[in-house]
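The next block holds one structure in the form of structure tokens; read it before the comments.
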Amino acid sequence: MAYVSMGEAHRRITEYLNRFCDAVSYQDSSTLCRLLSFSSNSPPLLSLADALNLFQDASSSLIRQSDKFSEYGEILAPLFRSLQSYRVGNLVEAYLAFDKFANAFVQEFRNWESAWALEALHVVCYEIRVLAEKADHKELTCNGKSPEKLKAAGSLLMKVFGLLAAGKGPKRLGALYVTCQLFKTYFKLGTVNLCPSVIRSIETARIFDFEEFPRRDKVTYMYYTGRLEVFNENFLAADTKLSYALQYCNPKREGNIRMILKYLIPVKLSIGVIPKDDELLQNYNLHEYTKIVQALRKGDLRLLRHALQEHEDRFLRSGVYLVLEKLELQVYQRLMKKIYIIQKQSDPARAHQLKLEVIAKALRWLEMDMDLDEVECIMTILIHKNLVKGYLAHKSKVVVLSKQNPFPKLNGKPVGS
Amino acid sequence: MNRRNRGSSSSSSSSRVSNTYGNRQLSDNPRAGSGGGAIDSFRRRADVVPVKRNNDKDESDNKGEDLTDVSFIVGTCSSMCPERERVTRERLRDLAVFERLYGNPSKSSTDLAVKKFCRTLSAADVQASDVRPLPVLEETLKYLLSLLDSREHPFEVVHDFIFDRTRSIRQDLSIQNLANERVIYLYEEMVKFHVISHKRLQSCSGTSISPMHHLNMEQLAKTLTSLYNIYDANRKSDSTHENEAEFRSLYVLLHLNPSSGVMGEPLSLWFRKLTFALVKSKEICFVRNLLRFYRMGNYKNFLSRIASEATYLQYCISEPHIREMRSVAVQYINSVCYKLQPYSLLRLSQNLMMKELDVESLCHDCGLETCTDSDGFTVLTTKQSTFRSPEDKFKVYDLIGIERMKR
């Protein structure tokens with residue numbers, strides 16, 4: 001902490017108080033945002049924090065001494081306490097005080113008729129989430145405690161969401177931003193089962209169109225709801241939402257595009273859409289999918305298994321492992337097709353007959369030992385799910401392929417059952 | 001933060017103890033005698049982290065409380081049922097068959113009465129004398145589980161009693177925020193009870209069975225979740241508790257089918273939270289393979305792996321899926337096999353790990369006809385159009401290979 005004289009400290013605090021109150025009086029949202037944005041670590045805020053730490057509790061007397069300031073005493077006092085704690089790294093105290101501040105601020109926001117302070121409210125939502133995450137992280141690493149501050153932040157966000165969603169016009173439009181903050185919170189906590197009720201509120205809005213929300217918020221919203229669809233394996237819905245997010249995402253935000261692709265690619269693969277080359281994967285640094293895509297192109301089961309194993313941890317953490325595992329059936333289909341093509345070249349008349357023994361041999365080459373009963377089982381599945389057209393002459397131990405289109409493409413639909 | 005739910009202003013009972021580092025019923029020795037008030041400040045994590053109240057306290061949620069400052073009750077009731085409850089229920093003739101002294105519906109005893117589950121419990125109403133401390137809870141559970149072998153009463157009655165009384169045990173554990181290693185053992189036993197009930201209820205008949213079954217599943221899921229929280233609370237670095245891998249594997253088996261409606265989060269999310277050691281454990285690898293086979297429809301590997309590798313608990317939970325996979329196999333074979341080559345039931349029975357007569361019965365359950373071929377073998381002619389899913393949701397056919405499983 002830099003050295004500050006009492007006089008200088010007094011000046012800084014009073015200056016901030018004036019700025020705050022003026023911002024409110026003149027409905028100057030952007031100034032207010034700057035005044036509340038702790039995470040920006042802006043020099044004015046940091047120097048204010050130093051001043052507060054010098055003054056300690058006396059700062060509340062500074063607030064009380066003037067009518068102009070004391071009107072917002074309930075908001076300002078905890079705000080100051082929070083900033084003080086934040087500055088000295090006492091994150092739990094900083095969070096607790098910020099929570100009090102936020103509640104008081106929301107109360108005040110309710111009283112302001114217009115939505116002039118919407119942006120500032122958004123800043124408060126952002127800050128409380130980030131602060132809670134930091135506090136929890138510190139508690140976890142230092143004391144082994146599990147995250148509760150973030151849960152509490154979630155409650156506040158829910159409150160704000162309710163307030164905005166029930167409002168009119170611009171207030172309503174501001175609800176989507178808070179929704180996204182809620183999503184981030186729930187995803188971090190792992191309590192994604194709390195998302196559907198929020199989603200319902202947004203999607204049953206009858207008064208106006210989803211399209212009227214700000215673009216940035218729509219993209220974020222579609223990203224998170226798309227991810228939820230991936231977790232629930234609703235691939236068509238996931239495709240729609242994640243593709244929307246991709247389409248409208250700012251192309252300069254490569255990090256965000258990568259995040260969307262991380263989930264969109266497994267979805268696309270699941271509905272049979274395979275990239276023709278590796279350019280996309282390379283451009284966005286998604287190398288973990290390279291071997292998977294190759295395995296699909298070549299019908300190489302061993303490669304698929306290997307790729308899943310190699311990146312098992314990463315895939316499990318991002319939640320796409322089960323989706324990728326399911327691609328196995330498509331890889332089998334590709335393998336059968338290859339066998340068929342090879343047979344066609346050597347003996348066209350009988351190419352449409354796939355002997356189970358031949359399939360077993362091919363699998364052995366791929367280091368997968370299966371007895372004929374297992375091979376028969378796999379073929380049964382492939383035929384039933386319409387990945388292979390034909391029938392199984394099990395006594396003759398042969399699969400007889402249909403003459404026409406024996407390996408139907410998925411055509412944008414997931415493998416049926 | 002706020003103590004609003006705690007009713008702390010009415011703390012007349014001297015056994016409410018402020019908890020920062022206070023007397024806790026913790027002991028380093030699992031199942032050691034009386035669990036005296038050993039203050040164990042090295043186990044702060046287990047003390048202070050709340051066990052998530054997923055079980056039965058929907059009323060007094062302690063959200064948003066500052067946990068270093070909350071008081072938890074320390075129970076003092078020394079018998080399985082608090083005295084005043086027993087007396088009241090005797091008077092009201094509200095005694096279960098197991099609680100009646102010589103069959104007398106209005107007389108019980110301290111050896112027989114067991115505290116009932118009380119839904120409308122709020123933290124402010126609870127007295128320490130109504131709450132059983134850990135050693136008493138351990139004895140109570142032991143007693144309850146001994147009733148499982150009772151031949152005197154039909155299983156539904158036994159189940160119903162133990163179901164309710166174990167719920168009360170969990171309630172007492174939750175009120176006292178007990179979450180140490182001994183508690184793990186209790187929860188594991190209660191999970192086992194629900195799993196075995198899950199199986200045994202299927203062979204019972206009667207109109208009340210289906211809702212009973214459903215409620216049992218619900219409590220199974222809740223108890224499992226609480227158990228997982230306690231495992232987490234007691235974890236040191238990346239360690240895994242003795243039976244944790246098997247009990248975690250049960251969750252996967254419960255959620256094989258995403259649309260089964262069982263409470264809980266999707267598996268993709270659930271796996272994210274597992275420790276590295278758990279992911280690599282034999283039991284979790286086993287169920288992940290089963291999951292893969294199930295989702296693919298690979299009936300052969302699914303059934304043969306269960307038969308050869310599942311523990312008894314895993315088998316019990318998998319029974320519905322075993323039924324399902326068998327019907328799926330019949331469906332697939334009926335739809336893809338060459339009409340002029342009927343499928344031998346003997347062969348089918350080998351693939352489905354069933355007796356041949358059972359396979360025949362299964363085919364009929366699925367609306368398909370079987371017949372005898374010219375060599376005298378029973379076969380299934382394929383491409384029949386009458387396939388349907390079996391109606392009886394609970395009919396169970398033995399799994400060949402189940403004999404090796406320890407109960």
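In what follows, chains carry the letters A, B, and so on, assigned in the order in which the sequence lines appear, proteins first and then strands, with residues in each chain numbered from 1. Hydrogens, waters and symmetry mates play no part in the numbers below; they use all other heavy atoms, side chains included. Small disclaimer: the values here were computed from a predicted structure and weren't measured.
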Max heavy-atom pair count under 4.5 Å with chain A, selected residue of Arg288(B), Lys273(B), Gln350(B): Arg288(B)

Asp371(A) versus chain B, the contacting section by heavy-atom distance below 4.5 Å: side chain

Chain A interface, residue from Pro342(B), Ala329(B), Ser344(B) that has the most non-hydrogen pairs under 4.5 Å: Pro342(B)

Pair Asp99(A) + Lys151(A): basic N to acidic O under 4.0 Å: no

Heavy-atom proximity to chain A below 4.5 Å, by part of Val328(B): neither

Carboxylate-amine/guanidinium contact Lys262(A) Glu288(A), below 4.0 Å: no

Donor-acceptor contact present, side-chain Thr240(B) to main-chain Ala277(B), <3.5 Å: no

side-chain hydrogen bond (donor to acceptor under 3.5 Å, both in side chains) assessment of Arg347(B) paired with Tyr343(B): CA-CA 8 Å; Arg347(B) 192 134 172 266; Tyr343(B) 208 97; 3.3 Å; yes

Side-chain ion pair, Glu312(A) and Lys280(B), N-O less than 4.0 Å: yes

Engaged part of Leu340(B) at the chain A interface, taking heavy atoms whose separation is under 4.5 Å: neither

Electrostatic pair Lys282(B):Glu309(B) at N-O distance under 4.0 angstrom: no

Proximity breakdown for Tyr321(A) and chain B, heavy-atom pairs closer than 4.5 Å: side chain

Segment of Asn301(B) engaging chain A (4.5 angstrom heavy-atom cut-off): side chain

Interchain contact, Thr191(A) with chain B, by part (heavy-atom threshold 4.5 Å): neither

Side chain to side chain contact (heavy atoms under 4.5 Å, CB included) partner of Pro266(B), chosen from Asn193(A), Asn232(A), Leu228(A), Val230(A): Asn232(A)

Heavy-atom pairs under 4.5 Å with chain B, option from Val323(A), Leu316(A), Val400(A), Val320(A) with the top count: Leu316(A)

Most contacts with chain B, counted as non-hydrogen pairs under 4.5 angstrom, among Val399(A), Leu329(A), Ile378(A): Leu329(A)

Contact class of Glu325(A) relative to chain B, heavy atoms under 4.5 angstrom: side chain

Glu93(A) bridged to Arg81(A) by N-O distance under 4.0 Å: no

